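Read the structure below first, then the notes.
Side chains are part of it too, since the values below use all heavy atoms of this structure and drop only hydrogens, waters and symmetry mates. Letters A, B, ... are given to chains in the order of the sequence lines, protein chains preceding strands, and every chain is numbered from 1. Here the structure is a predicted model, which means the values were calculated and not measured.
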2 protein chains.
Amino acid sequence: MSNAKIIGLAVSDVRFPTSLEQHGSDAMHTDPDYSVAYVVIETDDGLKGYGLTFTLGKGTEIVVCAVEALSTFVVGKCLKDITGDFRSFYRLITSDGQMRWLGPEKGVIQLASAAVLNAVWDLWARAEGKVSHCKASYIYLGAHQHHLVAPCPATVHTMPLWKLLVDMDPMKLISCIDFRYITDALTEQEALDILLKGQEGKQKREEQMLNEGYPAYTTSCAWLGYPDQQLKQLCTAALRDGWTRFKVKVGADLQDDIRRCALIREMIGPCNTLMIDANQRWDVEEAITWVTRLAEFKPLWIEEPTSPDDILGHATISKCHNRVMFKQLLQASALQFVQIDSCRLGSVNENLAILLMACKFQVPVCPHAGGVGLCELVQHLILFDYISVSASLQNRMCEYVDHLHEHFKYPVVICDAQYMPPKVSLPCHYFDLICKLR
Amino acid sequence: MSNAKIIGLAVSDVRFPTSLEQHGSDAMHTDPDYSVAYVVIETDDGLKGYGLTFTLGKGTEIVVCAVEALSTFVVGKCLKDITGDFRSFYRLITSDGQMRWLGPEKGVIQLASAAVLNAVWDLWARAEGKVSHCKASYIYLGAHQHHLVAPCPATVHTMPLWKLLVDMDPMKLISCIDFRYITDALTEQEALDILLKGQEGKQKREEQMLNEGYPAYTTSCAWLGYPDQQLKQLCTAALRDGWTRFKVKVGADLQDDIRRCALIREMIGPCNTLMIDANQRWDVEEAITWVTRLAEFKPLWIEEPTSPDDILGHATISKCHNRVMFKQLLQASALQFVQIDSCRLGSVNENLAILLMACKFQVPVCPHAGGVGLCELVQHLILFDYISVSASLQNRMCEYVDHLHEHFKYPVVICDAQYMPPKVSLPCHYFDLICKLR
C-alpha cells in the first residue's frame, strides 16, 4: 500500500421523501424519510473512500455535525498508519476524552463514527485493489429537493470489502477489533481460534457463495402503512420472484395485526417463513400478551418487542448500538438471532467483534438491512461471516428491502431471493457511490 | 397559570478551559473542558426559562445542533398545554418518529432533550411563582474566549423547583412520567402508592432540610491529574471545612492508585468515608482484580468500574442514560447506589421515574453532580426524594464539586458539608442563570 495521506473529508445530508408513499413505515416510525449522512474522504494521491450512516430524515443534520467534529481525527492521517493499527484508530474515534461524554459509543456519535469508519474501510479496500481514480458524485435530496452535485464518470476496478476480509490474515483481523468491555465474553485468543478454524473449507464456501449467493428475506411487502390491497399485490409479485421468507410490521393495533398476519400467512402458505417486527412498540407484559395472540401465524421470530436497551426484558432483540449490549444479550440468552447493522454499530471493526461472539455463543446472525445503502453494505459482512466464521447457513438469512437501490451506481444484486456477491473482477466497491438521479 | 405561549428558544455553546489546571480529570477523561449547551426559552408574556446539559468541551456544538432540531417541538406551544399533559410532551420530545432513530433516549439526542426539558421545568417553576420578568444574560467562553452577551439585572422572586415538586399533587406528578418500558418494574399504581405514603411526615422533613440541609460528599480533592502535594492541601482544607466524605479518581495506574488512596485514607482517618471512581476504565475481570487490591482502603463504593452499558458485568454503576438501563440494574441487583444525573437523563420527568423505582427496590439514591450546574440542578431532585419519596437519609449523600459556581447568579449553598435548600422567599431559581464573568 502506498503512503497516501487523507487530506479531506466532505459530508452531505441526503434525504429521500419515502414518507410520501409510506415506505418504511412501522409502529414507531410512522413517516420515515429514508436518509443518510454521506461521507467522502480523499487522499493526496487522489483516491477516495465513501461511507454513510442511515437515518430517518429529521436530525440528519445533527449526524452531519458530528461527522464534522470527528473529521479532525481522520484528516492528516496516512491510510497505512490507520490500517497498521486499526484498533488504536477505532478507539481514537470512539473514545476521545472529551467527545465520549456524548455517547459513549451510542446514539448520534456512534452513527457518525460508523459513517466515518465505513469510509475508511472503503478507502482501504480500494487501495488494496490498486484502484484507478474515481470522481465522487452524489445527489442531495434534502427537503425534497433534487440537486446533482457532480457528474458521475469512470468505471473502477477494485476489491470488494468481503474479499478483503476473507483474504485477510486472522491476526490482522483481530488487530482491527477493540476488545474493551468484552473480554469476559470473548478473549483475543478465543477470537483467533475461531478465525483459524474458519480457514478450513473456506475456499469451497467462497465458491459456493459466488455461485449460489446468500439467502435473503424480504421486508418490502408489508410496511405498516400499506393498505391490504397493496400488501396482496406485493406479496404475489414477491412469490413469483422466488421469495420464501417474509417480514411483517406489527404493533400499532392488535386487530389490524391479526388481519394482516392472517392475510400474509394465507398467501405464502404454511411452508414459507414469516417474521414479525414491532419496532420497540411494547412494554414487556404487553409484548407477551400481543405475541401470544399472534403465535397462531407461526412467526419464526418477533423482532424488537420492546426498548432496545432492555436486555433483561427481551426474549429476542435487534439493532443494538454497540458490542457491550450484544455481549450481554448473548450472555443472558436473551436472543435467538443476532441482527447486526452496518451503520448503527461501529463499522466493520465492531461488527467483526459481534460476528465472533455470535459464533462462540452459537447464535445465528441475520443482518438488519434496507434503509439507504444498508443492503449494499451488510452483504459484505454476512459473506465474510459464512466464509470465514460461522461456516453455516442454518437458520441464517439477510434482510432485503426493495427501495432506493436505483440511487446506487452498483446496487446489490438479488437472484432468486439470494444475495449475489459483488465479484472481484467487476467494478463493485464496498460502498458504491450514490450517483443516479431519481 | 396564564396561557403564555413559548415564542422563542435560544441555545449557546458555553465552554470553560478547566483542562488547563486538570480540574475534572479522571482515567477516561484526561483533559475535560467543562461545558454546557445552554438553553433559554421565552414566552409571549416575557417570562424566560433556563436549562442546560453538561458536556466536556469538544462536540458541544453537536448538542447545540440537536437542541435546535428539538426546538420545533417547543416553540409555539402554550406552557399550560405542556404541563397539563407533560407525559405526552415528554414523549413528543423523546420519541418523534424520525428523530428517535438517533437514540432512542440516549447519547446526544438525550442530552439535548434534557437541556430543553430542564428549561421547560424552570419556566414552569417561575410561572407558578408568579415571578416578575427576568432578563437573560450569560457568558460565552467557547474556544477559551470570554464574551459578555448581555448585562445581568434584576432580582426575581420565584418558586424553587424542589418546592414545586414537593407541593405537587401525587396524581399530577405521576402524569409527568413516561412509564413506557418500565411497567414490568413499576406500575403507575405502585408509583402513586409510594408518593401517597411519602405524604406522611413530609412537613417535618421539609423543615429539617431547610434547617440542616442535605448531606454532601466532595470530589474536588482528588482529580486524577492533581499531584500529591495539591491533593494533601485540598484534603486538609476540606477537613477543616467539615467534609467527612471524599471521592478519589482511580483506574489509570494501579500503583498510583494505591499510593493516592493510602494518602487520602491516612489523612481522613478510619472513620470518614472514602469512595473510588474508575470512570468506565476497566473490563470486568480487570475491575475485580483492581478493586480487590484497593479494598484495604475500605471504599464505600466503586463507581463506574466498566462500560455504562454493561448491566450484567456490574457490581455497581452510575450515570446511566435512561430509565430502561436503571430499571435493569435494579432488577438484576447490579447496583447498591443509584446515581441519578440531572442532565444525562430526560430531565425531571425521567428522574421522577427513577427515584420511584429506587424507592421500590430500596436502593439509596446518591446523585452525580459537579461539572457545570449539576450541583445547582440536582439539589432540587434529591430534596424532593427525601421529603416526598424515600423519607430516609441512611447511606444517602449528594456529590459536590467545587468548581465554576462563581459563574452562577445564585450558586449552590454548602454549610458544614450539607446542601442548604434554596428558599422560597429568596431569588433562587431551579436553574439560575450564568451571569458573572470570570
Side-chain angles (χ1 to χ4, degrees), chain A residues 19 28-33 35 54-66 68-69 72 95-112 179-184 280 282-286 306-313 321-322 324-325 327-328 331-332, chain B residues 19 28-33 35 54-66 68-69 72 95-112 179-184 280 282-286 306-313 321-322 324-325 327-328 331-332:
Chain A
S19 64
M28 291 298 270
H29 315 93
T30 51
D31 61 345
D33 283 329
S35 307
F54 172 57
T55 53
L56 295 190
K58 268 189 284 184
T60 308
E61 74 278 11
I62 308 168
V63 183
V64 165
C65 181
E68 282 164 353
T72 57
S95 295
D96 171 75
Q98 295 193 355
M99 299 271 281
R100 76 185 295 282
W101 191 264
L102 307 178
E105 300 182 81
K106 60 178 67 71
V108 166
I109 204 76
Q110 186 78 338
L111 293 169
F179 284 85
R180 176 174 269 173
Y181 303 142
I182 60 170
T183 54
D184 54 324
Q280 311 167 17
W282 303 314
D283 277 26
V284 174
E285 292 300 322
E286 200 177 9
T306 187
S307 164
D309 289 332
D310 197 349
I311 289 154
L312 302 177
H321 56 266
N322 67 31
V324 185
M325 299 300 285
K327 178 190 77 170
Q328 297 170 84
Q331 288 174 325
Chain B
S19 64
M28 291 298 271
H29 315 92
T30 50
D31 61 344
D33 284 329
S35 307
F54 172 59
T55 53
L56 295 190
K58 269 188 283 183
T60 307
E61 74 278 11
I62 308 168
V63 183
V64 165
C65 181
E68 283 165 353
T72 57
S95 295
D96 171 76
Q98 295 193 355
M99 299 272 280
R100 76 185 296 282
W101 191 263
L102 307 179
E105 299 182 82
K106 60 177 69 68
V108 166
I109 204 76
Q110 185 79 338
L111 294 169
F179 283 85
R180 176 173 269 173
Y181 302 143
I182 60 170
T183 54
D184 54 325
Q280 313 167 16
W282 302 314
D283 277 28
V284 174
E285 292 300 323
E286 200 177 8
T306 187
S307 165
D309 289 333
D310 197 348
I311 289 154
L312 303 177
H321 57 267
N322 67 31
V324 185
M325 299 300 285
K327 178 190 77 169
Q328 297 171 84
Q331 288 174 325

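- The minimum heavy-atom distance linking B:Gln98 with A:Lys58 is given by the pair OE1-N, 2.8 Å.
- Scanning all heavy atoms of the two residues, the minimum distance from B:Glu61 to A:Cys65 falls at O-SG, 3.8 Å.
- Note on A:Arg100, A:Glu285, A:Glu286: by heavy-atom pairs under 4.5 Å with chain B, the leading option is A:Arg100.
- Of all the heavy atoms in A:Phe54 and B:Trp101, the pair that sits closest is O-NE1, 3.1 Å.
- Of the two parts of B:Val64, neither the backbone nor the side chain holds a non-hydrogen atom closer than 4.5 Å to a non-hydrogen atom of chain A.
- Taking every heavy atom of both residues into account, B:Met99 and A:Ile62 meet most closely at CE-CD1, 4.5 Å.
- A donor-acceptor pair under 3.5 Å links the side-chain atoms of A:Asp283 to the main chain of B:Tyr181, judged by distance alone.
- Taking both residues in full, the closest heavy atoms of A:Gln280 and B:Pro104 are given as OE1-CG, 3.6 Å, listed atom of the first, atom of the second, then distance.
- Note: A:Asp96 leads A:Thr30, A:Ile182, A:Asp96 in heavy-atom pairs under 4.5 Å with chain B.
- Options B:Leu102, B:Asp31, B:Thr60 differ in how many heavy-atom pairs under 4.5 Å they form with chain A, and the most are formed by B:Leu102.
- Counting heavy-atom pairs closer than 4.5 Å to chain A, the top-ranked of the candidates B:Ser95, B:Pro32, B:Ser35, B:Ala66 is B:Ala66.
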